[in-house]
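As C-alpha cells, the structure follows; a few thoughts come after it.
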There are 2 protein chains.
Amino acid sequence: MILLDYRDKRPLYEQVVEKLEHLIVCGVLKPDSKMPSVRALAMELSINPNTIQRAYALLEQAGFLYTIVGRGNFVAPEESWQGGKQSALKEELSKAFENALSAGMDRDSIIALLDNVRQKLEEEAANDSNK
Amino acid sequence: MILLDYRDKRPLYEQVVEKLEHLIVCGVLKPDSKMPSVRALAMELSINPNTIQRAYALLEQAGFLYTIVGRGNFVAPEESWQGGKQSALKEELSKAFENALSAGMDRDSIIALLDNVRQKLEEEAANDSNK
DNA sequence: TAAGTGTATTAATTCTCTTAATACACTCCA
DNA sequence: TGGAGTGTATTAAGAGAATTAATACACTTA
C-alpha cells in the first residue's frame, strides 16, 4: 500500500501520515472504505503497530479517518477534511499577514510578493513538464 | 549586565540573545560601542564562553552586532538590524503563499483574506485609541 | 468464546540540542 | 616581538525530548 524511506530523516509515523493523506486526497482511498488494521499495516511495513496507531490518530484528528473501536478505521467523507485543510492554510496566511502589516509592510508590496511566488511556481511547473 | 533565569526551560544562549537584543533595540547599548568579550561575559554569568560565542554569532547573523577578530564584538548601527526583520517577514509570507497556492487557493481569495486582516487590524487600532 | 480490532501504559532506544573542554588564530601594544 | 586579550573551530560530554517498541487491556462480531 505504501513504502517507507529509511534514508528520510523524518519519523516513520510522519511518513505514514503523509502518504496516506495523499492517497485519500487523491481519491485512491474512497470515503467509508476500510483502512488496513493497525497490526496488518504494521506487519506489511515491518514496524511496530503503535507507529501505525499514532499515524491513524493524527489522521483522525485532521479529519481524514474515523474510528469504530473493535471494527477498524475508515476513510472519512470529503466534507470532514476539506474544511480542516482550508482553515489551516487560512490560519497560516492570516498570521503572516498580521505580522507583516503590523511591521509596517503595505498592501501593494505584499501582493507583489504573492505574484512573485506565483510566477516562481508556474515556472517550476513548466520545467517539470518539460523533463 | 544581564541576569540568567535557571527556571526558564529555554537554553542559556537564547536567553542571552533575547536580553542583549532588547538592550540594543532599546538603545541602552549604543551603536559602535564595545560588547564585553566572550570570556568576560561568560565569567560574569558563570557559564562557558562558547555559550556566549553562540549568542553573539546569532546576534551578528541577525545584524545586531559586528565582529572584528582579535578586537571584539560591537553593537551594529540601526540600519543593519531593521532590514533583517523585513526579510524574515517576507520569508514567512512566501512560505504561506506557496502552501496556499499549491493547495489550489486562488489569487483573489488570498487577497480577500489579506484585506480581511487589514480591516480587523484597523478596527482594533480604532478601539484602542477610544479607550 | 475466539479472533480480530483499537487503546493505554510503560520502557527502551535513538537522536538532537545544549553546554563544556580545549586548542587554534588573530590583533594590539608595551 | 611576545604576551595578554580577543574571536573561532573542533570535539565530546551530558541532558532531555522524541520516537519506537513491548505488552497488556478492552471492545465488536461472528
Side-chain angles (χ1 to χ4, degrees), chain A residues 1-21 24 29 31-76 80, chain B residues 1-21 24 29 31-76 80:
Chain A
M1 176 169 243
I2 62 179
L3 200 61
L4 292 177
D5 175 9
Y6 279 94
R7 291 164 311 174
D8 194 328
K9 69 183 189 336
R10 293 175 310 163
L12 299 177
Y13 73 90
E14 208 172 299
Q15 290 187 48
V16 175
V17 165
E18 184 194 77
K19 312 227 169 180
L20 291 182
E21 177 175 330
I24 292 174
L29 296 172
D32 293 318
S33 65
K34 188 174 182 310
M35 297 291 293
S37 78
V38 289
R39 285 175 183 80
L41 187 51
M43 189 82 77
E44 184 184 322
L45 301 176
S46 308
I47 60 180
N48 191 283
N50 276 336
T51 305
I52 305 296
Q53 165 60 24
R54 183 163 181 180
Y56 278 6
L58 290 174
L59 286 167
E60 182 178 18
Q61 197 175 349
F64 292 101
L65 297 182
Y66 61 92
T67 302
I68 306 178
V69 215
R71 291 217 50 206
N73 289 276
F74 302 85
V75 178
S80 71
Chain B
M1 176 169 243
I2 62 180
L3 200 62
L4 293 177
D5 175 9
Y6 280 94
R7 291 165 310 174
D8 194 328
K9 69 181 189 336
R10 292 176 311 162
L12 299 176
Y13 73 90
E14 209 171 298
Q15 290 186 49
V16 175
V17 165
E18 185 194 76
K19 311 228 170 178
L20 291 182
E21 177 175 331
I24 293 174
L29 296 172
D32 293 319
S33 65
K34 188 173 182 311
M35 298 291 293
S37 78
V38 290
R39 286 175 182 80
L41 187 51
M43 189 82 76
E44 184 185 321
L45 301 176
S46 308
I47 61 179
N48 190 283
N50 276 336
T51 306
I52 305 296
Q53 165 59 24
R54 183 163 182 178
Y56 278 7
L58 289 174
L59 286 167
E60 182 178 18
Q61 198 174 349
F64 292 101
L65 296 182
Y66 61 91
T67 302
I68 305 178
V69 214
R71 293 216 48 206
N73 289 276
F74 302 84
V75 177
S80 73

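Sequence lines set the chain letters: A, B, ... in the order given, protein chains first and strands last, and positions in each chain run from 1.
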> Is there a donor-acceptor contact under 3.5 Å from the side chain of E44(A) to the main chain of M1(A)?
Replying inline: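 Yes; at least one donor-acceptor contact below 3.5 Å.
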>> Could you report the tightest heavy-atom contact between K19(A) and L3(A), atom names first, then the distance?
In response: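 Closest approach of K19(A) to L3(A), heavy atoms only: NZ-O, 3.0 Å.
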> Where do I52(A) and I47(A) come nearest, in terms of heavy atoms and distance?
Replying inline: CD1-CD1, 3.9 Å
Give the rounded distance in Å between these two atoms: [atom1] of [X] and [atom2] of [N].
X: Y6(B); N: dT19(C); atom1: OH; atom2: C1'; value: 10 Å
X: M43(B); N: dT6(D); atom1: CE; atom2: C1'; value: 14 Å
X: E60(A); N: dT5(C); atom1: CD; atom2: C1'; value: 14 Å
X: I52(A); N: dT19(D); atom1: CD1; atom2: P; value: 15 Å
X: N50(A); N: dT5(C); atom1: CG; atom2: C1'; value: 14 Å
X: F74(A); N: dG4(C); atom1: CZ; atom2: C1'; value: 12 Å
X: D8(B); N: dT19(C); atom1: CG; atom2: P; value: 11 Å
X: L41(A); N: dG4(C); atom1: CG; atom2: C1'; value: 16 Å

From C-beta outward on [X], which listed nucleotide comes closest to its side chain: [options]?
X: P11(B); options: dT19(C), dT7(C), dT6(D); result: dT19(C)
X: S37(B); options: dT6(D), dT19(C), dG6(C); result: dT6(D)
X: R71(B); options: dT19(C), dT22(C), dT27(C); result: dT27(C)
X: V38(A); options: dA21(C), dT7(C), dT18(C); result: dT7(C)
X: I47(B); options: dA20(C), dT7(C), dC24(C); result: dA20(C)
X: T67(A); options: dT6(D), dT19(C), dG6(C); result: dG6(C)
X: Y13(A); options: dT22(C), dG7(D), dT19(D); result: dT19(D)
X: N48(B); options: dA21(C), dT9(C), dG6(C); result: dA21(C)

> Any side-chain donor-acceptor pair under 3.5 Å between N50(B) and Y13(B)?
Replying inline: no
>> Working to the nearest 0.5 angstrom, can you tell me the gap between L29(B) CG and K34(B) NZ?
In response: 12.5 Å
> From L59(B) CG over to L65(B) CG, what is the distance, rounded to the nearest 0.5 angstrom?
Replying inline: 5.0 Å
>> Determine whether a donor-acceptor pair (one donor, one acceptor, N or O, separation below 3.5 Å) exists between the side chain of R39(A) and the base of dG6(C).
In response: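 When only heavy-atom distances are counted, R39(A) does reach the base of dG6(C) through a donor-acceptor pair under 3.5 Å.
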> Considering heavy-atom distances to DNA chain C, does K9(A) or V69(A) have its closest nucleotide positioned more toward the 5' end?
Replying inline: V69(A)
Distance test, side-chain N/O of [X] to OP1/OP2 of [N], below 4.0 Å:
X: T51(B); N: dA20(C); answer: yes
X: N73(B); N: dG7(D); answer: yes
X: Q53(B); N: dG7(D); answer: no

> 5'-most contact on DNA chain D: R54(A) or G70(B), nearest heavy atom basis?
Replying inline: G70(B)
